[in-house]
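Working notes, beginning with the structure itself.
Every chain is numbered from 1, with letters handed out A, B, ... down the list of sequences. In this text, all values refer to a predicted model and were calculated from it rather than measured experimentally.
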2 protein chains.
Amino acid sequence: MAVSVREVAAAASVSVGTVSNVLNRPEKVAPETVARVLAAIEELGFVRNDAARQLRAGRSRSIGLVVLDVRNPFFTDVARGAEDRAAEDGMTILLGNSDDNPDRERAYLDLFEEQRVHGVLISPRSDDLPRLERARSRGVPVVLVDREAPERSFSSVAVDDVVGGALAVRHLVESGRRRIAFVGGPSSIRQVADRLEGARRAAAETPGVTLEVVETSGTTVLEGRAAGEAIRDRAPEHRPDAIFCANDLLAVGVLQALIMLGDVRVPRDIALIGYDDIDFAQAAVVPLSSIRQPAWLIGYTAVDLLLREARDGADFVPEQVQFQPELVVRESTGH
Amino acid sequence: MAVSVREVAAAASVSVGTVSNVLNRPEKVAPETVARVLAAIEELGFVRNDAARQLRAGRSRSIGLVVLDVRNPFFTDVARGAEDRAAEDGMTILLGNSDDNPDRERAYLDLFEEQRVHGVLISPRSDDLPRLERARSRGVPVVLVDREAPERSFSSVAVDDVVGGALAVRHLVESGRRRIAFVGGPSSIRQVADRLEGARRAAAETPGVTLEVVETSGTTVLEGRAAGEAIRDRAPEHRPDAIFCANDLLAVGVLQALIMLGDVRVPRDIALIGYDDIDFAQAAVVPLSSIRQPAWLIGYTAVDLLLREARDGADFVPEQVQFQPELVVRESTGH
DNA sequence: TCTACGCTTTGAAACGATTCACGACGAACG
DNA sequence: CGTTCGTCGTGAATCGTTTCAAAGCGTAGA
């Protein structure tokens, strides 16, 4: 059924070694022989068996990537960056999404190990660092995405979320807002916690500024909408005059809730700022101010670090790359 | 470096065959031996090498899925359904997105063939059926997703888009609308063409109903927004009184464009209906009427067919499953 | 003529899990 | 006591590709 190098070799009257050379180092083979072998390949419809290749090579040509939520455009952008860098070295990205569930996260790590992936990129939900340590001790490079490792034990690519949170709130304060609400959760997600921390610090810088926390159970549009409705339904004097959301999906939800009633105007009554600057942010009903993270670049850089670690082996020193978040001002916070 | 069955066997003082049996048919092995082998596995940190397994087995335990656009929630839902069904048989989904690009589509097919996937699910962008025929002739089951095969040559899972398009327009007509615009494109995408065809037929049913086509170059929010702006900027008497969009992303974009100016109200001035009924539709500023497709079920069913085809081999008869689209009425078309 | 060298090609070994025909051992039975 | 049967365990062969030491061959220089 399946055509193997052996049959190609027979058809082209060469040895299997030569067929392999044609496939992998054609410059080492006489042009005429190359032509003959390629003809045989075409003729027989030969397709390389990747499993055998991997077995021989000892590891696969893939890199595992575990993200918190595929539905979030931020992560698909990260994935795209990773894919692009991987493609430069002829590698593939295996995408798994944990849905913020530690069990799924572990299942993907197991799967990736069985596949002998070149390495793993992960934005870990939990602090299951021992599990990651174990993977690395087996020679699988691990790079943390969008999260820094304690004690610099792992390479990581991250954006300083504390600074980002501070940027957002400082911007709101400078636009004259005083009663600020932070919408986000659960706080077990590190990114959420850090952004809140930054918000707290920025709020503390200016006397008279208050920061209220509206905790959500997740980071989707629907949860944002629920939070927004709760705020909208308050008496006007109890509403904040600005809202900082832990990500853009939440902000879109909040925006919908506020605008749908019609008596809360953005940014006039309440200013709104999100986080991630996904494509959708600028296309929202009221274009959304946001904190931009270089999503594509994060993925690209993470794979870059990973490949370097894979190449250098044991004497590789973990490296932490940190990008700076950037404020993007649009209509939702008034120009 | 890597721990193999051989070493586990040595550590547990059994043969490699027994280790394999413990892994795959524990009931055939004496309980005490099982315990000893498991202990050795734990002790040495043994992890199965999937490549070797696949090589022996002849094919991998994965199924390839090529979608047109990962950013579209409709496709991530399909993928989720596929993943769930695959997991029931201990299989994995390999996700590739073609971005509506025939080259990328082909690249993924090649990759999947090298991986010796169990089968391929694809919502083909092009009519490159010969390529798919070839794959199947090599024993790789192919199931078309969201698209029916001419001459029933392939199994497929689809929703009748012509009916769906007709449903949408009939609903608009019944709500009293007469000057209808279809927003969508490019028409090379079969789904788009079919929905338009359905719209045409429905419009023809009622005298006095006109159908205008506003062609877009893609199916994203941004392209919808551009189309919406073009319509919004017309003199009111030249605007349609209803818009049917080829999918919800486009509809969201159109909605933003119409509402942002403020002098076009939805549904009062223009009724709006989308397609797919993604989560976002009901969360839109004006909750969006839409044509629902059972995305999760489509993915689930497709894998089911695929596995059946893989099991039955050559004497499997292609099977076409067709779901019926369903009208979901919300605020954007007036209750 | 012989040696040396470069260019090509060869073919067996290796990767690691699985399979399967076969052997070892005890118990049950006649 | 000998035979049969069932339970467990064995280990060589296998999957298809890559690698690498070695060999074949023709040419140029001594």
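Without hydrogens or angle criteria, B/Asp99 side chain to B/Asn101 main chain gives no donor-acceptor distance under 3.5 Å.
Only one option out of B/Leu94, B/Leu111, B/Leu65, B/Ile63 pairs with B/Val117 in a side-chain contact (heavy atoms from CB on, under 4.5 Å); it is B/Leu94.
If you take CD of B/Gln54 and C1' of C/dC15, they are 14 Å apart, rounded to a whole angstrom. Spacing between atom NZ of A/Lys28 and atom P of C/dG6 amounts to 12 Å, rounded to whole angstrom units. Protein atom CD of A/Gln115 is 15 Å distant from nucleotide atom C1' of C/dG16, rounded to whole Å. To the nearest angstrom, C1' of C/dA17 lies 12 Å from CD1 of B/Ile41.
Put simply, B/Thr33 has no side-chain N or O that comes within less than 4.0 Å of OP1 or OP2 on D/dC8. Note on A/Ser15: every side-chain N or O is 4.0 Å or more away from OP1 and OP2 of C/dG11.
Under the 30°/60° scheme for interplanar angles, the aromatic rings of B/Tyr108 and B/Phe112 are found to be tilted.
The existence of a salt bridge linking B/Asp84 and B/Arg80 is excluded, since no basic side-chain nitrogen approaches an acidic carboxylate oxygen closer than 4.0 Å. The residues A/Arg48 and B/Asp110 are annotated as not salt-bridged, no charged nitrogen and carboxylate oxygen being separated by less than 4.0 angstrom. A salt bridge is absent between A/Arg131 and A/Glu105: the closest approach of a Lys/Arg side-chain nitrogen to an acidic carboxylate oxygen does not fall below 4.0 angstrom.
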Got a list of protein N/O to nucleotides 16-18 of chain D N/O distances below 3.5 Å?
| residue | atom | partner | partner atom | Å |
| --- | --- | --- | --- | --- |
| D/dT17 | OP2 | A/Val5 | N | 2.5 |
| D/dT18 | OP1 | A/Asn24 | ND2 | 3.4 |
| D/dT18 | OP1 | A/Arg48 | NE | 3.4 |
| D/dT18 | OP1 | A/Arg53 | NH1 | 2.8 |
| D/dT18 | OP2 | A/Ser20 | OG | 3.3 |
| D/dT18 | OP2 | A/Asn24 | ND2 | 3.4 |
| D/dT18 | O2 | A/Arg56 | NH1 | 2.3 |

Provide a list of protein-nucleic acid N or O atom pairs under 3.5 angstrom, restricted to nucleotides 24-28 of chain D.
none

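Shown here is B/Glu43, whose CD atom has no more than 12 heavy atoms of other residues, nucleotides or ligands within 6.0 Å.
Between D/dC8, C/dT10, D/dT10, one nucleotide has an atom nearer to the side chain of B/Asn21 than all others, and that is D/dT10.
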| request: Tell me, with the steps shown, if B/Gln322 and B/Glu148 meet side-chain hydrogen bond (donor to acceptor under 3.5 Å, both in side chains). | output: CA-CA 9 Å; B/Gln322 194 168 63; B/Glu148 198 148 321; 3.3 Å; yes
